[in-house]
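First comes the structure, then the notes that go with it.
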Amino acid sequence: MSEEKQTISIDPYLQSELGKLKYENIILKAQHDNLVSQNKGLQQKIQELEKKLIESKEADGTNEPKI
């Protein structure tokens, strides 16, 4: 079987709108990646603080947090 490539003519307006959507998609992807990175950083900080809290409780010999 031989495959023939077909060219599809796209209305210039639709082509322009597709370009805008691709650009918007790139921006949203960058924002998403940034938020994922920030989220990972915050999760790491939470783990570090939880570890410090556990260590301080063990050092104080208490299981109850001080108020």
Side-chain angles (χ1 to χ4, degrees):
M1 281 187 186
S2 66
E3 290 186 21
E4 292 182 25
K5 291 187 178 181
Q6 295 181 346
T7 57
I8 299 173
S9 176
I10 299 177
D11 182 324
Y13 172 76
L14 291 177
Q15 199 168 14
S16 172
E17 291 300 307
L18 280 173
K20 289 177 189 174
L21 290 173
K22 286 181 183 179
Y23 178 74
E24 185 177 340
N25 193 35
I26 291 169
I27 292 172
L28 290 172
K29 172 86 170 91
Q31 289 175 339
H32 174 264
D33 291 346
N34 183 40
L35 289 172
V36 166
S37 176
Q38 286 180 6
N39 190 34
K40 286 180 182 178
L42 290 171
Q43 287 177 335
Q44 184 177 357
K45 285 186 178 202
I46 288 171
Q47 289 175 348
E48 290 171 6
L49 290 171
E50 286 175 337
K51 184 178 176 182
K52 286 181 181 180
L53 180 62
I54 290 169
E55 289 171 353
S56 71
K57 284 182 183 179
E58 289 173 352
D60 291 342
T62 179
N63 292 331
E64 296 295 322
K66 294 182 179 178
I67 299 175

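Pairs of residues two or more places apart, or lying in two chains, that qualify as salt bridge (charged side-chain N to carboxylate O under 4.0 Å, His left out) and include a residue from residues 7-17 are Glu17-Lys20. Listed by first and then second residue, the side chain to side chain donor-acceptor pair (under 3.5 Å) pairs involving residues 21-36 are Lys29-Asp33 (not counting sequence neighbours). Residue pairs satisfying the salt bridge (charged side-chain N to carboxylate O under 4.0 Å, His left out) criterion with at least one member in residues 36-50, sequence neighbours excluded, are absent.
Looking at residues two or more places apart in sequence or on another chain, you find a side-chain contact (heavy atoms from CB on, under 4.5 Å) between Gln15 and Ile10. Residues meeting the salt bridge (charged side-chain N to carboxylate O under 4.0 Å, His left out) test with Lys52, sequence neighbours left out: none.
Counting side-chain heavy-atom gaps under 4.5 Å among Ile, Leu, Val, Met, Phe, Trp and Tyr, Val36 is found in no cluster with other residues.
Expressed to the nearest 0.5 Å, how far CG of Leu53 lies from CD1 of Ile46 amounts to 13.0 Å.
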